[in-house]
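Take a look at the structure set out below.
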Amino acid sequence: MIGPLEPTRAAGLERLARFLPKAGRAYAAGRNHDRPDEGHPAVSGLSPWLRHRLLTEAEVLEAVLGRHGPAAAEKFVQEVFWRTYWKGWLERRPAVWAEYLRGRDAALGGDLAPRIAEAEAGRTGIECFDAWARELTASGYLHNHARMWTASIWIFTLRLPWEAGADWFLRHLADGDPASNTLGWRWVAGIQTPGKHYVARAENIARYTGGRFNPAGLLDEAPEPVPGPAPPKPGPVPEGGTPAPGLATGVLLTEEDLSPAFLLRAIRGEVAAHATLLATAGRSPRPVADIAAAFARGAVEDARARWAGRLGARGPDATEPAAVADWAAGAGLAQVVTAWAPVGPTAEALDRLERLLAARGIALVRVLRPEDRAAWAHATHGFFRFRERIPELIEDDRASVP
């Protein structure tokens with residue numbers, strides 16, 4: 001366990017301050033060790049706050065590099081950029097998300113549903129897997145190495161559809177992110193990088209859990225990768241929109257980006273009103289776990305409270321696009337400005353909202369952060385080629401910190 005998941009920026013900053021002394025070589029040495037009984041002391045545990053951008057990647061990197069420098073902090077910096085890379089990769093290949101949704105719905109409605117339920121409940125008889133299943137549902141978090149082992153056992157030993165496992169994670173993780181989650185499961189299965197899969201091995205589990213688990217003889221350690229189509233070629237990087245000056249403007253906050261200073265800089269004028277739109281329920285056709293839903297909801301509430309003085313009149317806390325469209329029309333807005341939402345449930349909700357607003361003569365302006373646009377331009381091949389660009393992307397991130 002990584003401790004209580006308080007969905008506030010203040011809690012994220014406190015966690016970052018505690019982690020900073022360990023963000024260099026200590027992180028590199030200990031990051032693969034799964035130690036829930038000790039609170040996972042080697043890792044940052046910042047992923048829920050980064051996922052919702054209560055903290056931005058730029059400010060976390062600024063703090064870590066200011067303390068340790070690029071060489072000592074290299075491993076942690078790469079982990080931060082994995083999240084950026086996955087978002088850019090999926091943003092430029094949205095058909096992969098649609099393909100996942102079709103596979104998920106088929107898997108959840110098929111004959112394997114009872115076995116899927118047993119695995120999710122931690123009743124497989126594989127002690128390590130069952131413990132991680134219980135930790136996930138109890139805490140809304142799993143160590144990254146435990147996520148990889150769990151996904152591998154799910155796919156290759158339990159022989160369950162990877163899409164159903166990805167849905168399980170996305171419903172429960174407080175840091176559940178459509179890109180990182182979907183593409184991580186595809187990578188374990190051997191679809192993301194065709195023919196290259198991740199196999200959980202008893203010896204590796206025993207070593208990195210400190211002997212807490214040793215599933216010798218229980219795992220399939222020589223599986224074939226899951227077959228699947230080759231990843232599509234990347235499409236263009238989205239441009240995002242620019243707010244028009246002099247119009248009655250509202251701001252819409254979503255769980256995707258709760259550091260809206262860059263939106264206010266883009267608007268360069270008065271904000272008449274603001275609202276929130278929470279699309280967490282769209283992560284799955286099944287109920288999203290209370291911990292994940294509460295973190296997203298609390299994060300949005302925290303951002304609204306912190307920025308209320310600069311966002312004009314308070315509008316609704318909406319869960320449906322129609323409520324936002326009605327609010328915008330009633331408030332006499334000409335444009336609604338929001339942060340770009342990457343591929344996933346929030347982007348789908350914004351697509352619906354855009355159509356509803358257009359019918360009322362109101363523009364929806366989705367503003368893309370410049371540092372995201374710069375990074376996503378390089379999400380064309382694998383991460384190892386992407387990471388060659390990290391030094392220049394760090395400079396782009398630094399330029400984004402006010």
Side-chain angles (χ1 to χ4, degrees), residues 7 47-57 83-84 86-98 100-101 104 166-167 169-183 238 240-241 250-260 262-263 274-289 292-304 307 311 315-325 327-328 336-358 363-369 372-373 376:
S47 54
W49 290 267
L50 284 166
R51 182 264 180 267
H52 297 285
R53 277 183 166 160
L54 285 169
L55 303 182
T56 67
E57 296 88 342
R83 183 173 294 271
T84 302
W86 281 140
K87 283 185 177 181
W89 194 99
L90 190 61
E91 193 68 19
R92 301 181 64 181
R93 301 163 181 85
V96 171
W97 172 253
Y100 154 69
L101 295 180
R104 176 202 68 188
D167 174 77
F169 271 24
L170 194 58
R171 284 185 289 114
H172 283 278
L173 288 168
D175 63 11
D177 171 74
S180 296
N181 188 63
T182 305
L183 302 182
V251 166
L252 181 65
L253 299 176
T254 76
E255 67 171 292
E256 301 302 321
D257 194 322
L258 295 169
S259 292
F262 81 105
L263 290 179
H274 70 283
T276 70
L277 177 61
L278 195 60
T280 312
R283 293 187 188 185
S284 174
R286 305 169 72 188
V288 174
F295 193 95
R297 184 172 57 253
V300 170
E301 291 169 355
D302 175 72
R304 168 174 258 186
W307 288 90
L311 295 179
D317 291 305
T319 57
E320 293 294 336
V324 178
W327 158 75
V336 174
V337 179
T338 192
W340 187 276
V343 168
T346 301
E348 292 161 3
L350 291 179
D351 289 342
R352 296 194 297 275
L353 175 61
E354 187 167 30
R355 292 191 291 270
L356 293 170
L357 289 174
L364 178 66
V365 184
R366 308 188 214 191
V367 182
L368 180 62
R369 287 177 177 268
D372 284 343
R373 185 185 299 112
W376 295 357

Notebook entry, point to check: About how many Å separate CG of Asp177 and OG1 of Thr182, when rounded to the nearest 0.5 Å?
Noted result: 8.0 Å
Next item on the list: Show the numbers, then the answer: is there a side chain to side chain contact (heavy atoms under 4.5 Å, CB included) between Asp302 and Leu258?
Entry: CA-CA 9 Å; Asp302 175 72; Leu258 295 169; over 6 Å; no
Notebook entry, point to check: Is the closest side-chain heavy-atom distance between Leu183 and Val96 below 4.5 Å?
Noted result: yes
Margin query: Looking at every non-hydrogen atom in both residues, tell me the closest pair between Ala325 and Leu357 and how far apart they are.
Written below: CA-CD2, 3.8 Å
Check: Any sub-3.5 Å donor-acceptor pair from Asp257's side-chain atoms to Ser259's backbone N or O?
Finding: yes
Checklist line | Arg93 side-chain N/O to Trp89 backbone N/O, donor-acceptor pair under 3.5 Å | finding: yes
Check: Could you state the interatomic distance from CG (Leu253) to NE2 (His274), rounded to the nearest 0.5 Å?
Finding: 6.5 Å
Checklist line | Rounded distance (nearest 0.5 Å) linking atom NE2 of His52 with atom OG1 of Thr254 | finding: 10.0 Å
Checklist line | Euclidean distance, Arg83 CZ relative to Glu57 CD, rounded to 0.5 Å | finding: 8.0 Å
Checklist line | Gap separating the CG atom of Leu350 from the CG atom of Leu364, nearest 0.5 angstrom | finding: 6.0 Å
Notebook entry, point to check: Hey, what do you get for CG (Leu101) to CD (Glu348), rounding to the nearest 0.5 Å?
Noted result: 6.0 Å
Next item on the list: Dump the intermediate steps for side chain to side chain contact (heavy atoms under 4.5 Å, CB included) on Leu252 and Leu353, then the final yes or no.
Entry: CA-CA 11 Å; Leu252 181 65; Leu353 175 61; 3.6 Å; yes
Item checked: Contact check, side chains of Pro178 and Pro342, non-hydrogen atoms, under 4.5 Å -> no
Check: Does Asp351 come within less than 4.0 Å of Arg355, counting only side-chain N to carboxylate O?
Finding: no
Next item on the list: Examine distances only and state if a side-chain atom of Asp317 and a backbone atom of Thr276 form a donor-acceptor pair shorter than 3.5 Å.
Entry: no
Checklist line | Thr84/Trp376 under side chain to side chain contact (heavy atoms under 4.5 Å, CB included): CA gap, chis, key distance, verdict | finding: CA-CA 8 Å; Thr84 302; Trp376 295 357; 4.3 Å; yes
Notebook entry, point to check: With sequence neighbours left out, what residues match Arg51 under side chain to side chain donor-acceptor pair (under 3.5 Å)?
Noted result: Glu256
Margin query: Testing the basics here: between Gly250 and Trp327, what is the closest heavy-atom pair and its distance to 0.1 Å?
Written below: CA-CH2, 4.3 Å
Notebook entry, point to check: Is it true that Arg283 and Glu255 have a side-chain N and a carboxylate O under 4.0 angstrom from each other?
Noted result: yes
Notebook entry, point to check: Between Arg297 and Leu278, is any pair of side-chain heavy atoms under 4.5 Å apart?
Noted result: yes
Check: With distance as the sole test, does Glu91 use its side chain to make a donor-acceptor pair with the main-chain N or O of Val343 at under 3.5 Å?
Finding: yes
Next item on the list: Could you tell me whether the side chain of Ser284 and the main chain of Asp167 form a donor-acceptor pair under 3.5 Å?
Entry: no
